[in-house]
A.B. asks: 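Okay, here's the structure, questions in a sec.
Computed from a predicted structure; not experimentally measured. Order of appearance sets the numbers: ligands from 1, and atoms from 1 within every ligand.
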Amino acid sequence: MLTFYPGPAKVYPEVRDYLTMAYDEGILSIPHRSDRFVQLSKSLVTLLRKQLNIPQDYYIYFVSSATECWEIIAQSLTLQKSYHLYNGAFGEKWMEYAKKIKPKVEGQKFDINEELPVSSLDLSDDTELICITQNETSNGTQIKETTILNLFNRYRDKLIAVDATSSMAGVALKYIKADIWFASVQKCFGLPAGLGIMVCSPRTIFRAKEIKEKGHYNSLVTLYERMLNYQTTNTPNVLNLYLLHKVLENRAAIKIIDQTLVKRAQDLYNFFEPFTNFTLLITNPDVRSGTVVALTASEKVIDEIKRNALRNNIMLGNGYGTWAKTSFRIANFPQHTEDEFDILKSFFLSFYS
Ligand SMILES: *Cc1c(COP(=O)(O)O)cnc(C)c1O
């Protein structure tokens, strides 16, 4: 069965061997305060920097999920409120989670075919943090590098947090243009779920130390203190950290991966354009995602396509949120091969063209 689910997504086939290696190397039972763990963690931080082009002065933390990052950010980096710009289910969920922690949280929804409305924003002085979703997995839109740059230039006094769950490790992100970036590994990293990566600018840590929030096991200041010795606050997912190390060691540079995915996404958009039973959900090419392609049709048609695909050993991603029943999604992640997309395309050509 081929899976194009955008998360949990296909894992790298090499993971099968890495699992055995992890067992044989005895890594699964190491204490997380041991030298061996510290070596693994330290080496992984170096490797992440190198393979994802994360600036030397940015901090990297291991947590359990992107959802956890939503909470860490609200707890540890805002006294009053964050402001959320969203056009889909994940961005909106993030705002809802933040609101439960800081009731003054505000946000604004923008259209799925529009760019993030940077120039029309009017944020209050007590807004401490701006939250955006770089790649909205629910509808297949993405925010361009230049847009993030405009936001950064317009609001230099505020922290910018970016949910990059379905783009980190697939897109060559410019980490320097925002403060907090986070993802979980079951999307573009090609790994099983259960590990989150959080990347923070120096001024993020400065701010966290000012606020000094320490009421949670994963308060940012505590994460910072533990990570000074390459350790975590709780017993971490050592297996996934090991797998992440293995996968990153054997991966191409992010620039190359980015180029490959952009090209493949363009090819997919061109491929799907002529079909008439269903259409591309996002009509504005400028905001289309390079890692998640969304297609839309009536509920009945979508249901038939997904079932037919399953009969042909292809699992398409279900729609999500507003588009749960009227769309399907296709992940274009680094772990997918050209051959898989050829099979996918022949399926659509033989049944729907
Ligand atoms: C998948 C996803 C999440 C949630 O990830 P978890 O690992 O389940 O916490 C959050 N944001 C986006 C954009 C996602 O795609």
A.B. asks: Can you check whether Thr67 has an N/O within less than 3.5 Å of an N/O in ligand 1?
C.D. replies: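 Thr67 vs ligand 1: N/O contact under 3.5 Å present.
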A.B. asks: Is a donor on one side and an acceptor on the other found under 3.5 Å between the side chain of Gln51 and the backbone of Leu248?
C.D. replies: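 Yes; judged by distance alone, with no hydrogens or angles, the pair exists.
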A.B. asks: Are any of the N/O atoms on Asn135, whether in the backbone or the side chain, positioned under 3.5 angstrom from an N/O atom of ligand 1?
C.D. replies: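 No; every N/O pair is 3.5 Å or more apart.
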A.B. asks: For ligand 1, which atoms, with element, lie under 4.0 Å from some heavy atom of Trp70?
C.D. replies: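 What qualifies from ligand 1 is 10 (C), 11 (N).
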A.B. asks: Please give me the minimum heavy-atom distance between Pro6 and Lys187, naming the atom from each residue.
C.D. replies: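 Minimum heavy-atom contact is O-CD, 3.1 Å.
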A.B. asks: Report yes or no: do Leu316 and Val292 belong to one cluster of Ile/Leu/Val/Met/Phe/Trp/Tyr joined by side chain heavy-atom distances under 4.5 Å?
C.D. replies: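 No, separate clusters.
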A.B. asks: Purely on distance, is any nitrogen or oxygen of Asp163 under 3.5 Å from one on ligand 1?
C.D. replies: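 Indeed, backbone or side chain, Asp163 has an N or O that close.
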A.B. asks: Just jot down the ligand 1 atoms closer than 4.0 angstrom to any heavy atom of Lys187, in number order.
C.D. replies: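 Within the 4.0 Å cut-off of Lys187, ligand 1 contributes 1 (C), 2 (C), 3 (C), 14 (C), 15 (O).
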A.B. asks: Does the ring of Phe271 carry Lys345 above it, NZ/CZ under 6.0 angstrom from centre and within 45° of its axis?
C.D. replies: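 Yes; both conditions hold, so Lys345 lies above the ring face of Phe271.
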A.B. asks: Ignoring hydrogens, what is the shortest heavy-atom contact between Pro55 and Tyr175? Give both atom names and the distance.
C.D. replies: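 Closest approach of Pro55 to Tyr175, heavy atoms only: CD-CB, 3.5 Å.
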A.B. asks: Going by the atom numbers of ligand 1, which of them fall below 4.0 Å from some non-hydrogen atom of Ser184?
C.D. replies: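 So the atoms of ligand 1 that pass are 5 (O), 6 (P), 7 (O).
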A.B. asks: For residues Thr133 and Asp163, is any side-chain donor paired with an opposing acceptor at under 3.5 Å?
C.D. replies: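 Judged by distance alone, the side chains do not pair up.
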A.B. asks: Any atoms of ligand 1 less than 4.0 Å from a non-hydrogen atom of Thr137? List them with their elements.
C.D. replies: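 Going through ligand 1 atom by atom, the ones under 4.0 Å from Thr137 are 12 (C), 13 (C), 14 (C), 15 (O).
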A.B. asks: Say whether Ala66, considering both its backbone and side-chain N or O atoms, lies within less than 3.5 Å of an N or O atom on ligand 1.
C.D. replies: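 Yes.
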A.B. asks: My understanding is that only residues two or more places apart in sequence, or in another chain, count here; which of them pass side-chain hydrogen bond (donor to acceptor under 3.5 Å, both in side chains) with Asn218?
C.D. replies: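 Result, side-chain hydrogen bond (donor to acceptor under 3.5 Å, both in side chains) vs Asn218: Glu68, Thr233.
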A.B. asks: May I ask you to identify, for Gln186, whether its side chain, its backbone, both or neither come under 4.0 Å of ligand 1 on a heavy-atom basis?
C.D. replies: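 Only the side chain of Gln186 comes within reach of ligand 1.
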